[in-house]
Amino acid sequence: MASKRKRTIVTLERPLLPTKERQAKPDFECCEDGVFRSASILMKLKKSGKISGEAESAAECWVKDYLFGFQDYCDPSGKEIEPEARGNIHTHNLNRVHAKERINFVRMIAGAEFHRKLVLILIENFSFKSLGSALYPNRRDGRISTEVSIICETLLNLLPDIYSAACLKQKEFRSRKDISTI
């Protein structure tokens, strides 16, 4: 006869924190809510004053469009959606198509390499060092992080103009195309 073991539940008295060595690294920071997170390139450049608030908001809009369009993730901002209301599935999918279309217009205006770097910076959350090794796999010098920092700063400062041009192009495209006949 097998004996029954008493099941024990482990509770933590304090939350798990990264080691002191990990916390001391520059790509790791404490957020407002007291949780330690890996710092994104966007946050680092914003704190250093190298990008403007306009660039930050354009980057956030681009990220929301990318996540919604390509990964079907959206933050409804606290709005309750009634599942039985008419058109919710259709409007959701149309909004997703519009978000994908804006991302594709940004890719058309700026180029595929610009888009690839934006994905690595804003979606994949690469650090300067890992982005440098991804973009330049054969280089091993110490200046690569500063060069990547300059590239990221340039890309993010160009993004507001490119994103607004993509939105205008989308409006132009939508006004030329007669959608009412579909």
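Below, all heavy atoms of this structure are taken into account, side chains as well, without hydrogens, waters or symmetry copies. The first residue of the sequence shown is numbered 1, and numbering continues consecutively from there.
What you find for I121 and C152 is that their closest heavy atoms are CD1-SG, 3.4 Å. A pairwise comparison of heavy atoms in I123 and Q71 identifies CG2-NE2, 4.4 Å as the closest pair. Here the closest heavy-atom approach between residue R116 and residue L135 is recorded as NH1-CD2, 3.7 Å. Across all non-hydrogen atoms, the minimal contact from V148 to G132 is CG2-CA, 3.5 Å. Residues I51 and E153 approach most closely at CG2-O, 4.2 Å, considering heavy atoms. Summarising the geometry of S127 relative to I41, their closest heavy-atom pair is C-CD1, 4.0 Å, with the distance given to 0.1 Å.
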### Query
Can you list the steps and then say if E101 with R174 is a side-chain contact (heavy atoms from CB on, under 4.5 Å)?
CA-CA 11 Å; E101 193 176 53; R174 291 273 161 207; 3.0 Å; yes
### Message
Applying side-chain contact (heavy atoms from CB on, under 4.5 Å) to N157 and E54, what does each step give before you reach the verdict?
### Response
CA-CA 8 Å; N157 281 326; E54 184 183 14; over 6 Å; no
### Task
Kindly determine whether K50 and K44 satisfy side-chain contact (heavy atoms from CB on, under 4.5 Å), including the steps that lead there.
CA-CA 9 Å; K50 292 183 179 179; K44 286 181 188 178; over 6 Å; no
### Task
Kindly determine whether L45 and F128 satisfy side-chain contact (heavy atoms from CB on, under 4.5 Å), including the steps that lead there.
CA-CA 11 Å; L45 291 175; F128 288 124; 4.2 Å; yes
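The structure places NE2 of H115 at 7.0 Å from CD1 of I103, a figure rounded to the nearest 0.5 Å. A distance of 10.5 Å separates CG of D161 from CD1 of I109, quoted to the nearest 0.5 Å. Separation of atoms OH (Y163) and CG (L168) is listed at 11.5 Å; rounding is to 0.5 Å. Of the inter-residue distances, the one linking S145 atom OG with I150 atom CD1 reads 11.0 Å to the nearest 0.5 angstrom. In this structure, CG on N138 lies 11.5 Å from OG on S133, to the nearest 0.5 angstrom. The NZ atom of K171 sits 12.0 Å away from the NE2 atom of H98 when rounded to the nearest 0.5 Å.
Connection of L94 to F173 is not established within any shared hydrophobic cluster, with ILVMFWY side chains joined at heavy-atom distances below 4.5 Å, either directly or through further cluster members. Linking ILVMFWY residues whenever their side-chain heavy atoms come closer than 4.5 Å, directly or via other members, leaves M108 and V97 in distinct clusters. Note on L122: it clusters hydrophobically with L158, by side-chain heavy-atom contacts below 4.5 Å among ILVMFWY residues.
Between W62 and the choices L67, L156, I162, V119, the side-chain contact (heavy atoms from CB on, under 4.5 Å) rule is met once, by V119.
More than 12 non-hydrogen atoms from other residues, nucleotides or ligands lie less than 6.0 angstrom from NZ of K46.
For the residue pair R107 / N104, a side-chain donor-acceptor distance below 3.5 Å is found, with atom types taken as modelled. Donor-acceptor pairing under 3.5 Å is lacking for the side chains of T146 and S149.
Scored by the ring pair (Phe, Tyr, Trp, His ring centres under 6.0 Å) test, F70 finds Y66 as partners (sequence neighbours excluded). The side chain to side chain donor-acceptor pair (under 3.5 Å) check on E147 picks up R139, with sequence neighbours excluded.
For S130 (side chain) and F126 (main-chain N/O), no donor-acceptor pair under 3.5 Å exists by modelled atom type. Panel note: side chain S164, backbone P160; a donor-acceptor pair is recorded below 3.5 Å.
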